[in-house]
Amino acid sequence: MKKVVLAYSGGLDTSCIVRWLRERSYEVICFVADLGQGLGKGEDFEAIEQRALAAGASKVYIKDLQDEFISDFIFPALKANAVYEGKYLLATALGRPLIAKYLVEIAHKEKAEAVAHGCTGKGNDQVRLEVAVGILDPKLEIIAPVREWEFKSRDEEIEYAIKHNIPIDVTKKKPYSIDRNIWGISIEAGVLENLEQEPPEDAYMITKSPVNTASYPKYIEITFAKGIPVKIDGKTFKAKNLITCLNELGGQLGVGRSDMVENRLVGIKSREIYEAPAATILHIAHKELEALVLDRELAHFKEMISLKYAELVYYGLWFSSLKEALDGFIEKTQKLVSGTIKLKLSKGTCVAVSRKSNNSLYKKELSTYGKEDKFDQKLTNGFIKLFALPHQK
Ligand code: ARG
């Protein structure tokens, strides 16, 4: 029997895949990645394991990858200010290369010749997983049952699951397609496919509607050390707790929602909504701190790098040499990104209201309009003439 390692979520699709692969004479080993999809409330991994075994898996690996996800994927993207098409903070996209890494690792350990996943043929995630697996071990076969199997609808899958005693929870049929991890939630399909319709409140899971939040603002201070968030209000937090805490806090105040039409790698435009309270807060604070400590040329150049970085993450090119090279550049820029940003959170908004850093390049004696002014205004006369020179006909 050939062995395959399946990226298993516990949902209907991947549960049917276990059986489907068994029918094609594969021994199926399930791998469940914990990227914080329980969002602080915990996910029932025991139930997921039982379901995998009941569906026919010979073995189940459950790995808590949250710390690695944060340190090796989320924080590098935060340092890079990576945002796709101005709105998407890349939670789903950042998780895929990590899942791929462990699919390959487990395949090697189990001497499996193939890996499998439950992505459809229309999305970005299939690309991200397969490109990453292909870079890490081009010899592994990749099976994507959803792209080729006979089921035409969710109902047909449910019928198949019932026929084969696969224990799935069909009662809580969700009207959306949802992907979650500690960095954020991606929600698509259902009524969201109608561009003219505002997303209904029930589409959001971790953020309150901004109109229903407290009428008074909340202030918080985020402290960064070399580009990494380390403290909230002066108190040191472990990375995972810091993000969980900001998700909770931001969610309560309606911070971190976005609604967009994005360009998928496969060429389709799609309507997606996102909830990412902690990611939103941290991106705003991080950029604000950089505005203080990076010199103008470096800051402007870094903006271009951010765009490219986000695109590489979105396209699934995490393990590419370009992405690695850009990390080298970004790491260098973060040397001075230490300091504290105070934010005001209110009614779905998050804005910086105060900033301080020992590495600040702000010089009050130069920028002031008061009497302590040290700036020699006579110098600019010649400067402007020379600056304009090449543009004069
Ligand atoms: N469009 C986003 C991306 O490509 C999210 C896709 C997440 N999948 C889902 N089932 N909602 O990263």
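Numbering of ligands and ligand atoms starts at 1, following listing order. One-based numbering along the sequence shown.
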Student: What side-chain donor-acceptor pairs closer than 3.5 Å can you find for residues 184-198, not counting sequence neighbours?
Tutor:
{"unit_1": "S186", "atom_1": "OG", "unit_2": "T92", "atom_2": "OG1", "d": "2.6"}
{"unit_1": "E188", "atom_1": "OE1", "unit_2": "R264", "atom_2": "NH2", "d": "2.6"}
{"unit_1": "N194", "atom_1": "OD1", "unit_2": "E196", "atom_2": "N", "d": "3.2"}

Student: Mark yes or no: K342 above the aromatic ring of Y219, with NZ or CZ under 6.0 Å from the six-membered ring centre and no more than 45 degrees from the axis.
Tutor: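 Geometry flag: set, cation within 6.0 Å and 45°.
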
Student: Kindly list each side-chain donor-acceptor pair under 3.5 angstrom involving residues 321-337, sequence neighbours excluded, with atom names and distances?
Tutor:
{"unit_1": "K323", "atom_1": "NZ", "unit_2": "D327", "atom_2": "OD2", "d": "2.4"}
{"unit_1": "D327", "atom_1": "OD1", "unit_2": "Y309", "atom_2": "OH", "d": "2.7"}
{"unit_1": "E331", "atom_1": "OE1", "unit_2": "K79", "atom_2": "NZ", "d": "3.0"}
{"unit_1": "E331", "atom_1": "OE2", "unit_2": "K79", "atom_2": "NZ", "d": "3.3"}
{"unit_1": "T333", "atom_1": "OG1", "unit_2": "I330", "atom_2": "O", "d": "2.5"}
{"unit_1": "Q334", "atom_1": "OE1", "unit_2": "H286", "atom_2": "NE2", "d": "2.7"}
{"unit_1": "Q334", "atom_1": "NE2", "unit_2": "E290", "atom_2": "OE2", "d": "2.8"}

Student: Name the one of K63, K240, K101 that satisfies salt bridge (charged side-chain N to carboxylate O under 4.0 Å, His left out) with E68?
Tutor: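 The single option meeting the salt bridge (charged side-chain N to carboxylate O under 4.0 Å, His left out) with E68 is K101.
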
Student: Less than 3.5 Å apart, N/O on ligand 1 and N/O on the protein: could you list those pairs with the distances?
Tutor:
{"unit_1": "ligand 1", "atom_1": "1 (N)", "unit_2": "E262", "atom_2": "OE2", "d": "2.7"}
{"unit_1": "ligand 1", "atom_1": "1 (N)", "unit_2": "E272", "atom_2": "OE1", "d": "2.9"}
{"unit_1": "ligand 1", "atom_1": "1 (N)", "unit_2": "E272", "atom_2": "OE2", "d": "3.1"}
{"unit_1": "ligand 1", "atom_1": "1 (N)", "unit_2": "Y274", "atom_2": "OH", "d": "3.2"}
{"unit_1": "ligand 1", "atom_1": "4 (O)", "unit_2": "N124", "atom_2": "ND2", "d": "2.7"}
{"unit_1": "ligand 1", "atom_1": "4 (O)", "unit_2": "R128", "atom_2": "NH1", "d": "3.1"}
{"unit_1": "ligand 1", "atom_1": "4 (O)", "unit_2": "R128", "atom_2": "NH2", "d": "3.0"}
{"unit_1": "ligand 1", "atom_1": "8 (N)", "unit_2": "E188", "atom_2": "OE2", "d": "3.2"}
{"unit_1": "ligand 1", "atom_1": "10 (N)", "unit_2": "S177", "atom_2": "OG", "d": "2.6"}
{"unit_1": "ligand 1", "atom_1": "11 (N)", "unit_2": "S177", "atom_2": "O", "d": "3.2"}
{"unit_1": "ligand 1", "atom_1": "11 (N)", "unit_2": "S186", "atom_2": "O", "d": "3.4"}
{"unit_1": "ligand 1", "atom_1": "11 (N)", "unit_2": "E188", "atom_2": "OE2", "d": "3.0"}
{"unit_1": "ligand 1", "atom_1": "12 (O)", "unit_2": "Y88", "atom_2": "OH", "d": "2.5"}
{"unit_1": "ligand 1", "atom_1": "12 (O)", "unit_2": "R128", "atom_2": "NH1", "d": "2.8"}
{"unit_1": "ligand 1", "atom_1": "12 (O)", "unit_2": "R128", "atom_2": "NH2", "d": "3.0"}

Student: On the ring face of Y274, is R257 found with NZ or CZ under 6.0 Å from the centre and within 45° of the axis?
Tutor: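 Verdict for Y274: no cation-pi partner in R257.
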
Student: Under 3.5 Å, side-chain donor or acceptor atoms of residues 383-393 against the rest of the protein: list the pairs with distances, not counting sequence neighbours.
Tutor:
{"unit_1": "K385", "atom_1": "NZ", "unit_2": "N381", "atom_2": "OD1", "d": "3.3"}

